[in-house]
K.L.:
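Structure in structure tokens, see below.
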Amino acid sequence: MANLQAQIDSLVAGLHGPRSGQTTAAPAEVAGQALLVDLLILRGQVLGRIADYERAAELAEQLVRAAPDDDASWLARARTQATFHRFAEALADLDAARRRGSDQATLDAERAAILQAVAYYAEALVLRRTAAKRRPDFTTLSALAVLQAERGKVAQAEHLFIEARRRYRGVSPFPVAELDFRRGLMWLGERNLPAARAWFDAAVGRVPAYAPAMGHLAEVDAALGARDAAIDSLRPLALSSDDPEYAAGLAGVLSDAGHPHEAEQWRISAAARYDELVLRHPEAFVDHAADFWLTVGGDRPKGLQLVSRNHAHRATRALALPHRVIPTDSWPAASWLADPDT
């Protein structure tokens with residue numbers, strides 16, 4: 001985490017606008033700012049900091065204005081758009097990056113992530129399998145493992161998780177911790193709490209500050225009856241993160257553990273933050289806010305109103321996505337496409 005912070009600080013220190021007489025950013029400046037966007041997104045994911053996502057989005061917007069002819073600018077903005085679930089806008093930015101010469105494999109990976117997020121699993125599977133066949137490394141196999149896990153193909157996903165981990169050649173703990181975390185999510189979805197806990201614990205062991213893994217570890221502990229352990233994990237997260245998910249989770253566990261006064265304090269904090277985020281980033285937070293109000297928040301009418309709003313948004317979002325998001329000539333003729341599992 002110290003190394004990540006040092007990288008971010010160094011890139012922030014180097015930020016500056018176009019020099020006198022210069023109308024666009026130089027390629028090296030674009031590359032540095034695009035890297036800063038990626039690192040801020042990474043830190044936001046690890047620490048549960050929405051402010052990092054927002055800063056990344058601001059920088060990406062500036063980058064597109066400063067270097068509209070550089071594909072890296074559009075890729076950076078596509079990633080921030082996807083982070084806030086503005087998927088149609090993200091796909092449009094990927095198209096802009098393609099027109100400016102962006103690498104097809106990179107575009108396919110970004111496109112697959114968006115398709116996966118909106119549950120276009122068949123289309124995403126084509127891209128993920130093509131990438132894994134072309135270059136079966138940690139990155140492509142991990143992505144395919146996560147997709148198969150989300151599709152409920154647990155046996156296939158387990159095999160891919162194992163194979164991806166075997167092929168890791170890096171030194172950073174972040175990719176492996178995320179792989180462990182995703183494996184934990186798969187087992188949580190299968191209601192295998194001991195297996196889920198083991199993988200969340202492994203992720204936290206690799207990156208102790210990994211907020212999503214800590215949050216889900218607390219969720220499993222609470223479900224297994226270890227409420228004190230869950231509270232001990234959630235309380236520092238609720239204090240350090242600006243994502244209300246942790247405050248809401250802490251309120252729920254505190255209430256179940258017989259601490260109504262402190263639970264109410266965290267409930268109020270989460271409610272205010274959800275209201276703020278629904279206004280600023282509705283695509284990303286309406287569904288989370290709806291779940292909060294229907295449970296810990298204790299306002300069923302408000303929750304149902306947000307559920308209706310989310311359903312309407314999803315319908316609009318589906319209409320906004322292109323009907324053919326993958327060019328026909330990118331579909332491989334490999335025999336596995338006839339597999340009924342696809």
Side-chain angles (χ1 to χ4, degrees), residues 1-19 22-117 139 142-143 170 172-175 177-178 181 207 209-212 241-243 277 280-281 283-285:
M1 292 305 301
N3 287 342
L4 176 59
Q5 185 64 50
Q7 282 185 283
I8 290 173
D9 289 344
S10 176
L11 289 167
V12 169
L15 284 178
H16 51 74
R19 298 181 182 89
Q22 180 183 359
T23 58
T24 60
E29 295 170 345
V30 174
Q33 291 186 43
L35 175 59
L36 177 57
V37 168
D38 286 344
L39 293 180
L40 285 170
I41 291 174
L42 173 60
R43 190 174 67 181
Q45 291 171 338
V46 172
L47 298 180
R49 288 186 183 176
I50 296 164
D52 278 341
Y53 296 150
E54 292 174 329
R55 178 58 176 148
E58 291 172 3
L59 288 172
E61 289 288 348
Q62 295 170 14
L63 200 51
V64 166
R65 290 196 298 270
D69 295 327
D70 196 313
D71 67 299
S73 302
W74 297 94
L75 280 173
R77 195 172 77 169
R79 289 174 182 137
T80 63
Q81 301 274 33
T83 296
F84 285 115
H85 295 193
R86 295 190 287 266
F87 298 122
E89 294 89 339
L91 287 171
D93 281 351
L94 291 181
D95 285 340
R98 176 183 54 80
R99 292 192 296 271
R100 288 156 178 82
S102 196
D103 174 69
Q104 189 62 46
T106 300
L107 292 170
D108 285 348
E110 299 290 343
R111 194 179 297 272
I114 293 170
L115 292 169
Q116 196 169 326
T139 300
S142 295
S172 170
F174 293 122
E178 183 179 4
F181 172 67
V207 181
Y210 197 177
S241 172
D242 59 356
D243 187 334
L277 290 172
R280 288 161 61 178
H281 310 292
E283 300 91 344
F285 288 99

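In this chain, residues are counted from 1 in sequence order.
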K.L.:
For Leu75 versus Ser102, what's the shortest heavy-atom pair and its separation?
P.N.:
CD1-OG, 3.2 Å
K.L.:
Report the residues that fulfil salt bridge (charged side-chain N to carboxylate O under 4.0 Å, His left out) with Asp71, sequence neighbours left out, ordered by chain and then residue number.
P.N.:
none
K.L.:
For Ser172, check side chain to side chain donor-acceptor pair (under 3.5 Å) against everything at least two apart and list the hits.
P.N.:
none
K.L.:
List the atom pairs, with distances to 0.1 Å, where a side-chain N or O of residues 4-12 and a protein N or O form a donor-acceptor pair under 3.5 Å, not counting sequence neighbours.
P.N.:
{"residue": "Gln5", "atom": "OE1", "partner": "Arg43", "partner atom": "NH1", "Å": "2.7"}
{"residue": "Gln5", "atom": "NE2", "partner": "Asp9", "partner atom": "OD1", "Å": "2.8"}

K.L.:
Under the salt bridge (charged side-chain N to carboxylate O under 4.0 Å, His left out) rule, collect the residues that match up with Asp38, sequence neighbours excluded.
P.N.:
Arg79
K.L.:
Judged by atom type as modelled, is there a donor-acceptor pair below 3.5 Å linking the side chain of Glu61 to the main-chain atoms of Glu58?
P.N.:
no
K.L.:
State the CD-CG distance between Gln33 and Asp70, to the nearest 0.5 angstrom.
P.N.:
10.5 Å
K.L.:
Kindly write out the residues that satisfy salt bridge (charged side-chain N to carboxylate O under 4.0 Å, His left out) with Arg280, not counting sequence neighbours, or none if the list is empty.
P.N.:
Glu54, Glu276
K.L.:
Tyr210 side chain to Gln45 main-chain N or O, any donor-acceptor pair under 3.5 Å?
P.N.:
no
K.L.:
Can you tell me how far the NE2 atom of His85 sits from the CD atom of Glu283, to the nearest 0.5 Å?
P.N.:
9.5 Å
K.L.:
Supply the atom-to-atom distance Ile114 CD1 to Leu94 CG, rounded to the nearest 0.5 angstrom.
P.N.:
4.5 Å
K.L.:
Once side-chain contact (heavy atoms from CB on, under 4.5 Å) is applied, do any residues pair with Thr80, and if so which ones, sequence neighbours excluded?
P.N.:
Val37, Ile41, Ala56, Ala57, Ala60, Arg77
K.L.:
Checking Ser73 side chain against Ala67 main chain: does a donor-acceptor pair fall under 3.5 Å?
P.N.:
yes
K.L.:
Residues two or more places apart in sequence or in another chain: which of them pass side-chain contact (heavy atoms from CB on, under 4.5 Å) with Ala105?
P.N.:
Asp103, Arg134
K.L.:
Within a strict 4.5 Å, meaning less than it, do heavy atoms of the Leu277 and Asp242 side chains meet?
P.N.:
no
K.L.:
With sequence neighbours left out, what residues match Phe174 under ring pair (Phe, Tyr, Trp, His ring centres under 6.0 Å)?
P.N.:
none
K.L.:
Is the shortest side-chain heavy-atom distance between Leu59 and Leu15 below 4.5 Å?
P.N.:
yes
K.L.:
Could you pull out all residues at least two apart from Ala96 that satisfy side-chain contact (heavy atoms from CB on, under 4.5 Å)?
P.N.:
Trp74, Arg99, Arg100
K.L.:
Indicate the atoms forming the closest heavy-atom contact of Asp243 with Ile50, along with that distance.
P.N.:
CA-CD1, 3.6 Å
K.L.:
Please walk me through it: do Leu40 and Arg49 pass side chain to side chain contact (heavy atoms under 4.5 Å, CB included)?
P.N.:
CA-CA 9 Å; Leu40 285 170; Arg49 288 186 183 176; over 6 Å; no
K.L.:
Under the ring pair (Phe, Tyr, Trp, His ring centres under 6.0 Å) rule, collect the residues that match up with Phe285, sequence neighbours excluded.
P.N.:
none
K.L.:
Name all residues meeting the side-chain contact (heavy atoms from CB on, under 4.5 Å) criterion together with Ala211; count only those two or more places apart in sequence or in a different chain, and write none if there are none.
P.N.:
Leu237, Tyr246
K.L.:
Work out which heavy atom in Ala78 is nearest to a heavy atom in Ala90; give both atom names and the distance.
P.N.:
O-CB, 3.5 Å
K.L.:
To the nearest 0.5 angstrom, please state how far the CD atom of Glu29 sits from the CG atom of Leu63.
P.N.:
10.0 Å
K.L.:
Who passes side chain to side chain donor-acceptor pair (under 3.5 Å) against Glu89, sequence neighbours left out?
P.N.:
none
